[in-house]
Every structure is written in C-alpha cells, then in structure tokens.
Number of protein chains: 2
Amino acid sequence: MELSDRKKKILRAVVEKYVETAEPVGSKAIVNDCGLSVSSATVRNEMADLESMGLLEHPHTSSGRVPTAQGYRVYVNELMEEHRLSEHDTDTINRALRNNVQQLDKVLSDAGRLTSQLTNYPAYALAVSSQQPVINRFDLIHVDQHTFIIVVLLNNNTVKNKLVHLPVNVAPETLTKLSAVFNANFTGIPEEEMTPQLIAASERASGDTSGFVAVIAGFAIELLMTAKSRETFMTGASHLFEHPEFRDVDKAHRVLSYLSDENGLLKLPTPDQAGGSRITIGPENLAEELKDSSVVVAKYDAGDNLQGIIGVVGPTRMDYSKVAARLQYIANGLSWLLAGGFSLPGIDDRDS
Amino acid sequence: MELSDRKKKILRAVVEKYVETAEPVGSKAIVNDCGLSVSSATVRNEMADLESMGLLEHPHTSSGRVPTAQGYRVYVNELMEEHRLSEHDTDTINRALRNNVQQLDKVLSDAGRLTSQLTNYPAYALAVSSQQPVINRFDLIHVDQHTFIIVVLLNNNTVKNKLVHLPVNVAPETLTKLSAVFNANFTGIPEEEMTPQLIAASERASGDTSGFVAVIAGFAIELLMTAKSRETFMTGASHLFEHPEFRDVDKAHRVLSYLSDENGLLKLPTPDQAGGSRITIGPENLAEELKDSSVVVAKYDAGDNLQGIIGVVGPTRMDYSKVAARLQYIANGLSWLLAGGFSLPGIDDRDS
DNA sequence: TTTAGCACTCAGAGGTCGTGAGTGCTAAAC
DNA sequence: GTTTAGCACTCACGACCTCTGAGTGCTAAA
C-alpha cells in the first residue's frame with residue numbers, strides 16, 4: 001500500500017495540525033495551511049481515501065479528521081522529519097547533566113526530572129542490569145567504638161553503604177578480620193547462595209559471637225534482592241493534566257496508577273540498542289492501561305553490564321519528533337556521563 | 001462558645017457521616033443514624049444553630065449540611081475519638097519497617113510508599129537536619145589501577161559514596177595521603193568554606209597534579225549543597241483520584257503540581273515535637289494550592305540532629321483520627337529504626 | 001480528475017421542565 | 001421553654017428539546 005505524494009502531504013498536515021491544536025482537522029484548514037493548490041473538496045476525497053485505509057478517522061460525521069494509531073505509525077515511520085534540537089535545549093541538558101556528581105540512583109532520578117521538564121510529559125527512568133547482581137568487594141570502615149560503615153561494591157559498579165551502630169564494642173582488628181572473611185566468602189555469589197550455613201561458617205571463621213556477621217550478611221542479602229528488582233523512578237506526573245486528552249479523570253487515574261506502580265514501569269517498552277529511541281503508539285502498547293497513550297523511550301549504556309532506560313508517557317497526540325530527539329540527546333548524555341565516567345570538567349566540550 | 005452535648009453529638013454525626021459518604025448530610029439521616037430520640041425538626045433547629053456558629057454549611061438551600069473547616073477543627077480538637085489501630089495495620093507496618101536495611105534515602109522513600117498505601121492518600125517524606133551539614137570523615141577505598149571509592153560520613157550520620165574512574169593511575173599510597181589531607185582540611189567545615197584557595201592548598205599539601213583533589217572536593221561540595229536542600233519524596237499521587245473531591249481535574253492538577261515540586265513540599269506544615277502529629281485543615285494551610293485540602297503530618301526523630309517528617313495530603317473530608325493514628329505509628333517506628341538503629345532482629349518485639 | 005454547490009449530520013451550547021431531597025417557618029403539643 | 005407535625009419553598013440534577021455551525025458526502029458540471 002503505497003501512498004501518493006499528495007496523500008502523504010495531507011496525512012502529514014493532519015497529524016501536525018492535530019498535534020498542535022488538539023482539535024479535529026477539517027479539509028479547509030488543510031488547504032489554508034499546507035499550501036496545496038487544490039480545493040477543499042479534493043482534499044476531502046483524499047481524506048476519505050486515507051480513512052478507508054485506516055489512517056484517519058472521524059470522531060463523528062460532521063467533524064474534521066483525526067489520525068488513527070496506524071496513521072501516527074505511518075507518520076512516524078515515513079513522514080516525520082528529524083527534529084533538530086535548539087541550542088537552548090542542548091545547553092539546558094548539558095548543564096543539568098554536568099552538575100551531576102551523585103550516586104547512580106540520584107543521577108537516574110535527576111535524569112527523569114530533567115526529561116519530564118523538557119518534554120512536559122511524565123517521565124520514567126530505570127536501570128537494568130543484564131547479569132545477576134553479585135558483590136565484588138566489601139570494605140568495613142571503623143568509625144568509633146560502637147559504629148562502623150559497610151561499603152559494598154556491586155558488579156554493576158554501583159556502591160552501597162550502611163552505617164551500623166551496635167551496642168557491643170567494635171575493634172578495628174575485628175573489622176579487618178570480618179572484611180577478609182566477607183571478601184573470601186560472600187563475593188561473586190548470588191543472593192540465593194548466602195545460606196544460613198554459609199553465615200554460620202563465616203561466624204566460626206571470624207570468631208564472631210556478637211552478631212556482626214549476621215548484620216553484614218543481612219545487608220548483603222537485602223541489597224542483592226533489591227538490586228535484582230531494579231530501581232525505577234517516575235517524575236512529572238502532573239504534566240499529564242496539561243494535555244486535554246487527560247481532562248477525563250478516570251483516564252488520568254488509570255494511567256497514573258499504572259505509572260506509579262513499579263511493576264508496571266518494568267513492563268514498559270524497551271528499545272533494543274543504546275542510543276536509539278523507540279516509539280510505541282496507542283494500542284501497540286501491551287498494557288491495557290496505555291492502549292490510548294503513547295510511550296517514547298531511549299536507552300543509555302552505563303558500561304559494565306548496566307543499562308538503563310528513560311522514557312515518557314503521553315497522549316497519542318504527541319510531537320514524536322521533538323520528544324524522541326530530546327530523549328535521545330539526554331540518553332546519550334547519560335551514557336557518556338556514566339560509562340566514560342571521567343567526571344572531570346567539560347561534558348559539553350565533546351561535539352554533539 | 002461552649003457547645004451543648006446535643007450539638008456536639010450532632011456535629012460529630014455530621015462529620016462522621018459526611019466523611020463516610022461524601023454526600024451532604026440531612027437531618028433525617030442524623031436521627032436514624034446516631035440514635036438521638038428527637039425529631040428531625042429539632043435536629044434541623046440545632047443544625048441551623050451550628051451553621052450560624054460557622055461549624056456547618058449549606059452547599060445550597062435544599063441540601064444537607066457539610067462541615068466547614070472550622071467544624072472539622074472543633075471535631076478534631078474536641079470530639080474525635082482516638083483511633084485504635086487494628087492488629088492487621090500494626091503488623092503491616094512492623095513488617096514493612098523491619099525489612100528495611102537500606103540507606104537513609106531508601107528508608108525514607110519506602111516509608112512514604114508505606115504511608116500512602118496505608119492511608120490511600122498521597123504521602124510525602126522528608127528529612128530535616130537541624131544543623132548545618134558538614135563532613136565528619138573521608139575514606140578513600142582503592143579498587144583498581146583506575147578506580148577508587150569515595151566514602152563520606154556526614155554529621156547527620158548519613159553516608160554517601162561515589163565510584164570514581166580516572167584515566168590516570170591511582171596508587172593506594174596516593175589515596176592514603178589524600179584521605180589524610182581531606183580529613184585534615186575538609187572535615188567540620190560548611191560548603192562555603194571549601195574555597196578554591198583551600199582546594200589549591202590541599203593540592204600542594206598532597207602533591208596532587210592529576211586532579212584527584214578537584215574530583216573529591218567537587219563531590220564534597222555537591223554533597224553538602226544537596227544535603228542543605230534536604231531530601232524529599234512524594235509517592236502515591238494517584239490516590240488523589242480515589243476521592244470524589246478530586247474529580248475536578250483542575251483542582252487535582254493544582255494539588256498535584258504543588259506536591260510534585262520540592263520547594264512546595266518543604267513549605268508544608270511541620271509538627272513541633274517528635275511522635276506527635278499535626279493536622280492542618282483547609283484554609284489553615286498557608287499554601288494557596290491547599291486551601292481546600294488537609295494535611296496530616298507526623299515527625300520522627302533519627303537522633304543526632306536529624307529529624308524527618310512524613311505526611312499525607314487529602315481532601316478536608318478525611319478520617320483524621322485513623323490517618324493520624326497510622327501516621328504516628330509509622331513515625332514512631334521510623335524513629336525507633338533510625339535512632340536506636342541497632343538493626344538486629346525484632347522491631348516488633350517491643351510493646352507498642 | 002477536479003471543483004462548485006448543496007443537502008445532511010451531529011456535537012455542543014443553551015433553554016425549559018419535572019422531580020425529590022431537604023430545608024425554614026409556623027402553630028400546636030408537651 | 002422546648003419539641004414536634006405540617007407545609008410551603010428552594011434548588012441541584014437529570015431528561016428533554018432546540019438552535020447553530022462546522023464539516024462532511026454526494027452529484028453534476030468544468
């Protein structure tokens with residue numbers, strides 16, 4: 001099914017006009033706007049054709065046309081022009097990213113916030129490890145008689161810590177011994193293998209009778225369990241209401257509840273390769289709750305088996321070109337920040 | 001202005017019925033419900049009195065009564081019975097808290113999620129340090145040739161870390177020297193005093209020419225800056241829609257935007273003493289956006305100058321008693337978890 | 001193949017009307 | 001003085017109608 005040039009032009013005009021105004025587009029508006037030198041009647045005929053092809057539809061007999069999901073799909077695949085980011089946009093993004101000297105989860109939630117601000121849609125961000133999380137290394141830092149810090153380096157290059165107070169005395173030598181035992185017994189193994197037996201054996205090995213081993217092992221297990229379930233962030237929910245399709249409270253509620261639920265977020269679309277973005281329109285979404293919303297996602301690469309996704313959710317009437325471009329730029333920036341990671345000056349010095 | 005017993009009974013009945021049904025309450029309903037042995041006409045007279053006192057109001061002439069903000073206030077101050085938590089509730093809370101072996105920010109966001117689930121309102125959680133944040137201690141952990149971990153202990157007993165890759169070689173001795181310099185020069189001082197001069201001096205002192213000092217100092221500064229601006233979490237936004245007063249999209253939008261903004265959250269009410277809860281009804285709220293919503297907050301104490309607040313936001317028509325009780329229980333649990341902090345088994349063994 | 005012309009359709013705004021829950025008031029009863 | 005029965009009154013809400021105008025589909029001529 002090949003579209004004539006004129007049909008393409010008209011479909012494109014309908015999509016773009018509708019994205020802009022949120023009102024069904026009539027034949028006259030098309031003629032005025034996109035400088036076709038034909039009459040509205042001709043456009044009407046063409047639109048009727050496009051409708052029978054399933055690319056446009058009528059809310060009711062006497063109103064203008066609106067793109068169908070399939071219409072948007074054709075637009076996205078064939079008609080859409082690549083959006084060039086304005087200097088202002090790239091500046092904002094670069095500045096926001098550069099200021100980020102934080103821990104991974106903070107970086108992620110900040111990236112979500114940034115995305116949401118820049119697109120005016122709710123944004124989500126998540127990190128996905130492609131391999132089973134294990135601990136690479138333990139360090140125990142002595143603080144005072146009753147206090148020490150557990151520092152754990154995971155194989156996905158994130159670091160977790162916990163400050164521990166205990167009612168019993170904590171000697172530096174004890175910590176040295178404990179950390180040796182943990183580095184010997186608890187590194188490189190998944191959470192399931194941290195059995196009570198292993199813990200008991202480690203208690204014997206370190207001569208611990210005060211529950212140190214139990215505390216540290218407990219932290220390790222908890223950590224690996226939550227690392228498995230991935231971290232997700234959702235921000236900018238209230239942006240949903242800026243779009244007329246979400247004036248319907250029930251619809252807004254459905255989508256928001258879905259987005260508020262971590263399990264929902266994890267099921268959202270994922271693009272295949274880093275740097276690319278993926279657009280999922282209306283019923284293409286697997287989730288029932290998103291059947292009349294669209295999702296745009298981009299993937300970033302944080303090196304060392306750690307990848308992540310940032311995405312936005314909005315009405316099908318969305319400026320796909322602009323959103324995808326911004327998302328990609330942010331994702332690339334994140335890849336650069338996290339993977340290269342040489343967090344010295346000048347993220348904006350690279351050529352973009 | 002002292003209320004007669006009967007008036008109290010009627011006001012209380014109106015509030016409780018209205019909280020339950022969300023519909024204006026008529027005189028007949030009161031008679032049926034709260035077992036007063038008087039006629040509806042008498043109740044009507046009493047209600048007219050209560051209205052002239054400003055405790056009840058009429059949406060329109062021919063509808064039942066609804067409590068005013070002042071009416072709720074009287075109810076909360078004088079008439080409300082203390083809500084006893086069910087065993088199921090306390091169990092849920094204990095279980096959720098006990099499983100928490102995480103870092104502070106994670107604990108907080110989890111507490112918010114829990115609160116929101118248990119109350120069916122959007123919840124917020126924030127940590128407030130009553131003193132200026134400074135760093136108590138630096139540790140640098142050598143990982144490999146190009147990698148080390150910065151671990152920083154703040155005076156509010158939170159620990160922050162960052163994994164650093166650098167293109168230059170990192171010797172363990174260098175890190176030892178650096179950590180000595182940082183512990184000497186950068187501990188106990190606020191962010192403003194970490195001047196370029198100090199950084200330059202530290203570079204000379206440690207003989208650093210590869211930018212290590214700059215990286216670590218950058219992390220320290222960034223850390224203190226964000227510690228100053230406090231951490232805030234908001235969860236459960238979508239619960240708003242479960243309440244009929246937020247069927248109005250614009251109203252929901254206003255409140256949600258307000259809650260999505262960190263600066264807004266920081267301005268929400270705070271209770272004075274830990275363990276207590278505070279209820280702010282409708283126009284008592286300073287924020288224009290919350291003039292017809294209510295806020296219930298509870299404070300918890302994490303020892304060592306660190307305090308925090310959890311709260312929920314909902315319509316003025318709220319089961320204050322239940323919400324306040326749950327919030328307090330969660331806050332107490334958090335205090336226990338964070339302050340005592342001996343995270344050994346059995347948070348639920350204490351008597352509650 | 002395109003276009004002018006025209007009848008047709010239908011959402012949405014605005015108006016009218018009936019219904020019923022709940023009131024305020026009055027006058028009688030306690 | 002307080003309570004109650006009775007009754008007229010009010011007004012939101014839903015059902016129903018009408019008018020309007022934008023935009024269509026179709027037909028017949030260019």
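What you see is a predicted model; the values in this text were computed from it and never measured. To find a chain, count down the sequence lines: A is the first, B the second, and so on, and within it residues start at 1. Only this structure's heavy atoms are used, side chains among them; waters, hydrogens and symmetry mates stay out.
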Inset, instruction - Would you indicate, yes or no, if dT24(D) has its OP1 or OP2 atom less than 4.0 angstrom from a side-chain nitrogen or oxygen of S63(A)? - result: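 For dT24(D), neither OP1 nor OP2 has a side-chain N or O of S63(A) closer than 4.0 Å.
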Of all the nucleotides listed ([options]), which has the minimum atom distance to the side chain of [X]?
X      : options                  : value
H58(A) : dT24(D), dT23(C), dA4(C) : dT24(D)
R65(A) : dT3(C), dG24(C), dT24(D) : dT24(D)
R6(B)  : dT23(C), dA5(D), dT3(D)  : dT3(D)
H60(A) : dC10(C), dT24(D), dA4(C) : dC10(C)
T61(B) : dC26(D), dT3(C), dC11(D) : dC11(D)

Inset, instruction - Verify whether the ring centers belonging to Y320(B) and H83(B) lie closer than 6.0 Å. - result: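 Ring-ring flag for Y320(B)/H83(B): false, centres at least 6.0 Å apart.
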Inset, instruction - Kindly say whether the aromatic ring centers of F241(A) and F246(B) come within a distance under 6.0 Å. - result: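 Aromatic pair excluded; centres sit 6.0 Å or further apart.
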How many whole angstroms separate atom [atom1] of [X] from atom [atom2] of [N]?
X      : N       : atom1 : atom2 : value
E57(A) : dG23(D) : CD    : P     : 17 Å
R44(A) : dG5(C)  : CZ    : P     : 12 Å
N45(A) : dT3(C)  : CG    : C1'   : 10 Å
K28(B) : dT23(C) : NZ    : C1'   : 11 Å
E23(A) : dG21(D) : CD    : P     : 17 Å

Legend entry - Along DNA chain D (nearest heavy atom to each residue), the more 5'-positioned of S39(B) and A41(A):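 Nearest-nucleotide comparison on DNA chain D picks S39(B).
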Inset, instruction - Report which part of the nucleic acid S40(A) touches: base, sugar-phosphate, or nothing (heavy-atom distance under 4.0 Å, all strands). - result: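 No contact.
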Legend entry - Side-chain touch Y124(A)/I310(A), heavy atoms, less than 4.5 angstrom: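 Heavy-atom side-chain distance check fails, nothing below 4.5 Å.
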Inset, instruction - Assess whether one donor atom and one acceptor atom, taken from the side chain of T42(B) and the base of dT3(D), lie less than 3.5 Å apart. - result: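 Answer no: no donor N or O sits under 3.5 Å from an acceptor.
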Inset, instruction - Look at the side chain of S62(A) against the base of dT9(C) and say whether a donor-acceptor pair falls under 3.5 Å; ignore hydrogens and angles. - result: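 Present.
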Inset, instruction - I would like to know whether T42(B) and N45(B) meet side-chain hydrogen bond (donor to acceptor under 3.5 Å, both in side chains); could you show each step before the answer? - result: CA-CA 5 Å; T42(B) 310; N45(B) 288 331; 5.5 Å; no
Legend entry - Dot-bracket notation for DNA chain D, counting Watson-Crick and G-U pairs under 3.5 Å, with | for partners on another strand: ||||||||||||||||||||||||||||||
Legend entry - Residue among V255(A), T280(A), T316(A) satisfying side-chain contact (heavy atoms from CB on, under 4.5 Å) with L290(A):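 Of the listed residues V255(A), T280(A), T316(A), the side-chain contact (heavy atoms from CB on, under 4.5 Å) partner of L290(A) is V255(A).
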Inset, instruction - Please report the C-alpha distance between R247(B) and E242(B) in whole Å, then the side-chain angles of each, then the deciding distance to 0.1 Å, and finally whether the salt bridge (Lys or Arg N to Asp or Glu O under 4.0 Å) criterion is met. - result: CA-CA 9 Å; R247(B) 311 252 6 138; E242(B) 291 158 22; over 6 Å; no
Inset, instruction - Quick one: closest heavy-atom pair of P244(A) and R317(A), and the distance? - result: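 In terms of heavy atoms, the two residues are closest at CD-NH2, 3.4 Å.
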